[in-house]
Colleague: 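Starting off with a structure, shown below.
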2 protein chains.
Amino acid sequence: MTDTAPRPTLEAVAARAGVSRATVSRVVNGGDGVREPLVERVRRAVEELGYVPNQAARSLVTRRHDAVAVVVAEPETRVFADPFFALQLRGISKELTAHDNQLVLLLTEGRDDHARVGRYLAGGHVDGALVFSLHLDDPLPGLIQRAGVPTVFGGRPGWSDGLRDVVYVDSDNRGGARDAVRHLVGLGRTRVAHITGALDQTSAVDRLEGFKDVMGDAGRELVVRGDFTPAGGERAMRELLDRCPDVDAVFAANDLTAAGALRVLRERGRRVPEDVAVIGFDDMLPIAEQTDPPLTTVRQDIEEMGRLMARLLLHGDEETPPGTPAGVVLPTTLVRRASA
Amino acid sequence: MTDTAPRPTLEAVAARAGVSRATVSRVVNGGDGVREPLVERVRRAVEELGYVPNQAARSLVTRRHDAVAVVVAEPETRVFADPFFALQLRGISKELTAHDNQLVLLLTEGRDDHARVGRYLAGGHVDGALVFSLHLDDPLPGLIQRAGVPTVFGGRPGWSDGLRDVVYVDSDNRGGARDAVRHLVGLGRTRVAHITGALDQTSAVDRLEGFKDVMGDAGRELVVRGDFTPAGGERAMRELLDRCPDVDAVFAANDLTAAGALRVLRERGRRVPEDVAVIGFDDMLPIAEQTDPPLTTVRQDIEEMGRLMARLLLHGDEETPPGTPAGVVLPTTLVRRASA
DNA sequence: GCCGTCCGCGAGAGCGCTCTCACCGAGTGT
DNA sequence: ACACTCGGTGAGAGCGCTCTCGCGGACGGC
């Protein structure tokens, strides 16, 4: 890691432009209160010297870092097999970039990492944190809130006690699930089943609730546990067919699960959608479009979720009247393809 | 973005421990040259006050940042549909974490972003950069090298001129391709085809070269262009079947392509592997294991690639004798499943 | 027992920036 | 003509840290 060439300082620019350091600083930071000819001269000097402000020096005095931590707890590889996270990251990145903020990525696995992340955030290296709290029992949110860093969560956090005023962005999992199930019912299906996601995640819980909202008791026995993976979907679908051979529709907690279910249905000789209609959730394109038949599913605007999280973090203070309910829930839309 | 509570400074710790700032600094940075009882006292003071060093102040004088930029050029969404990038990121993250470095993620799309990234890197905010240079004509590598930041590339960069002493980590794409094709030949196949990847990426070029190494002229007319996507794989497979109906084996440039090809083969009533054997590349688990039949493919240790990139960046200077060839190529292994 | 050595520690400068404050000159009101 | 304001500029302090340097005390050699 060789040292780079010495970079020009404010001082150097000031000398070149024949003004004081203070003036250069003003120009660099927007140029308010400096007369035009001077601004011009300073700009040129900056240009000629290739001056770039030293962020460390600036942070030292402003106590701002123009950097935001993105914390992703990913105990399993699941997060990564999943375009979900990547899309969200992209939304976040765009928004941060638009506001000249940097994205510091913190991946955690295991308990030790939690401490590390907690320490880092408490260290005041970043102006805020965007946290994906994937599991109900995750200690991370608590740690982070204790660190006193402004935080926005991705997905409704799963705890109910202790932490208040938590800001989060989520999809309307429950409403989307309702739409999906209603669609199936509207198709005339009467034996509608649900393969759940991993129920230690609120998204899975909420989708299950949406299913129950529509099906009520009628759906009670048609709920099978899955885990958001294709393998889980296969397992659940087998169990379902064994237990209730007359099932004529399946609402799967996500597209991967649906893909697994589809495979089992084909294997067992059921036609989709004629015999069994199938709906997924997420609208992960590479999956949903490539299944056979293409998957009807519930779309959420994942990238927008990311962007919104970032926006909330950066501007949250100003825009939010105090006492505003802190969760933002984005709508979902049903995307009709061939499977239902 | 509320201000956090005022954090204790070195001065405060020094006062509490009854020593000088310098001594506390020494202890915090490893404690060499400080006698045990003092070290103990300082440690306790640090503990009690919850002192965390101010990274900005430290960077200001040391000119180190303990931060590394990861630059991902992702003009298309492709990168993100792809666990590849995520796995590599994970390897990088692990290695960086192990050395107390932070990961600053820079996603770029489009030309303007290039300038932005160039400026950022030139600004000396990070100690080094890990760059995924996906396309042959990417201007980013040039920009970065000009910025004078130590850099390691992911994947062999595609240019041949201008830039020297480029450090990169890559898989043995060519060798892996050779293994795959040899395996097909060993199976007794004589009409072995290749569906290429996007040929503006070196990985695709190298895999094609590997194919040619084994097949020579015999394979000339059995090469079809793909683009690393399932749709591209389908298109190419159709073209291939139309042009050479007697094809009995396909080496696809990656698993996604192979998945597309498999679909077309099924659609056209060819049995895999009986009529046509198929091999992919990458061993992306969610894909390779879920295809029908499960895909024989070439595995690369993607996470290890990431880890190695980080290691090279952090320790490159010390370990590398000057003049060492700068590319590190990781081996691949053929994973036999059912498709070939 | 004296001088030279060496180790442990503290004093102080300074990293590059922002920001407050004082200053200065040009305009305004009387 | 005078004081008075006010916007534009410069001087200077100081953010929290590291690092060099110099001082003092313990220790070994003669």
Side-chain angles (χ1 to χ4, degrees), chain A residues 3-43 45-46 49-67 100 120 122-127, chain B residues 3-43 45-46 49-67 100 120 122-127:
Chain A
D3 256 334
T4 63
R7 297 194 296 117
T9 88
L10 251 203
E11 192 78 48
V13 177
R16 174 146 199 142
V19 297
S20 76
R21 231 169 42 234
T23 298
V24 178
S25 176
R26 279 187 272 259
V27 171
V28 169
N29 292 292
D32 297 340
V34 180
R35 249 184 298 245
E36 194 44 48
L38 266 199
V39 171
E40 196 42 49
R41 228 163 68 212
V42 171
R43 288 253 160 79
V46 165
L49 294 173
Y51 170 76
V52 184
N54 180 322
Q55 184 61 38
R58 178 180 281 174
S59 293
L60 184 56
V61 29
T62 59
R63 275 121 204 298
R64 303 191 67 263
H65 299 83
D66 296 322
D100 269 314
Y120 182 75
H125 301 301
V126 291
D127 301 328
Chain B
D3 255 337
T4 63
R7 298 193 295 118
T9 85
L10 252 202
E11 191 78 50
V13 177
R16 174 144 199 144
V19 298
S20 77
R21 234 170 40 236
T23 298
V24 178
S25 176
R26 280 188 270 259
V27 171
V28 169
N29 292 291
D32 298 339
V34 181
R35 249 184 299 244
E36 194 45 47
L38 266 199
V39 172
E40 195 43 49
R41 229 161 69 210
V42 172
R43 287 252 160 81
V46 166
L49 295 174
Y51 170 75
V52 185
N54 179 321
Q55 185 61 39
R58 179 180 282 174
S59 293
L60 185 55
V61 28
T62 59
R63 274 124 204 299
R64 304 192 67 263
H65 299 83
D66 295 323
D100 268 312
Y120 181 75
H125 301 300
V126 291
D127 300 329

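Here the structure is a predicted model, which is why all the values come from computation and not from measurement. Computed from heavy atoms alone, side chains included, the values below leave out hydrogens, waters and symmetry copies. Labels below follow one simple rule: chain letters A, B, ... track the order of the sequence lines, proteins then strands, and each chain is numbered from 1.
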Colleague: Search all heavy atoms of N29(B) against all heavy atoms of R58(B) and return the closest pair with its distance.
Modeller: OD1-NH2, 3.4 Å
Colleague: Can you check the L49(A) CG to dG16(C) C1' distance for me, whole Å?
Modeller: 15 Å
Colleague: Return the nearest nucleotide to the side chain of T9(B); candidates are dC9(C), dT18(C), dC17(D).
Modeller: dC17(D)
Colleague: Hey, does the side chain of T23(A) come within less than 4.0 Å of dG10(D)'s phosphate (OP1/OP2), counting only N and O?
Modeller: yes
Colleague: Taking the side chain of L60(A) as its heavy atoms from C-beta onward, which of dG10(C), dG16(D), dG12(D) lies nearest to it?
Modeller: dG16(D)
Colleague: Counting side-chain heavy atoms from C-beta on, which of dG10(D), dA13(D), dG16(D) comes nearest to N54(B)?
Modeller: dG16(D)
Colleague: Could you check which of dA13(D), dA11(C), dC19(C) has an atom nearest any side-chain atom of A22(B)?
Modeller: dA11(C)
Colleague: Can a side chain N or O of S20(A) be found less than 4.0 Å away from OP1 or OP2 on dT9(D)?
Modeller: no
Colleague: Examine dT18(D): is either OP1 or OP2 under 4.0 Å from a nitrogen or oxygen in the side chain of S25(B)? Give yes or no.
Modeller: yes
Colleague: Using whole Å, report how far CD of E36(B) lies from P of dC7(C).
Modeller: 18 Å
Colleague: Looking at R63(A) and dG16(D), is any side-chain donor or acceptor paired with a base atom of the opposite kind under 3.5 Å?
Modeller: no
Colleague: Choosing from dT9(D), dG16(C), dC17(D), which nucleotide comes nearest the side chain of A57(A)?
Modeller: dG16(C)
Colleague: What heavy-atom pair brings V42(A) and T23(A) nearest, and what distance separates the two atoms?
Modeller: CG2-CG2, 4.5 Å
Colleague: So which one's nearest nucleotide on DNA chain C is more toward 5', V34(B) or L10(A)?
Modeller: V34(B)
Colleague: dT18(D) phosphate, OP1 or OP2: any side-chain N/O from R58(B) under 4.0 angstrom?
Modeller: yes
Colleague: Suppose we call a contact any N or O donor and acceptor under 3.5 Å apart; does that hold for the side chain of R26(B) and the base of dT18(D)?
Modeller: no
Colleague: As a test of reading the structure: which of dT9(D), dG16(C), dC19(C) is closest to the side chain of T62(A), going by heavy atoms?
Modeller: dC19(C)
Colleague: To the side chain of V61(A), which of dG16(D), dG16(C), dG10(D) is closest?
Modeller: dG16(C)
Colleague: dG12(D) C1' sits how many Å from R21(A) CZ, rounded?
Modeller: 8 Å
Colleague: What is the distance from CZ of R41(B) to P of dC9(C), rounded to the nearest Å?
Modeller: 9 Å
Colleague: By nearest atom, which of the nucleotides dG16(C), dT18(D), dC17(D) is closest to the N29(B) side chain?
Modeller: dT18(D)
Colleague: Picking from dT18(D), dG16(C), dC9(C), which would you name as closest to the side chain of R35(B)?
Modeller: dC9(C)
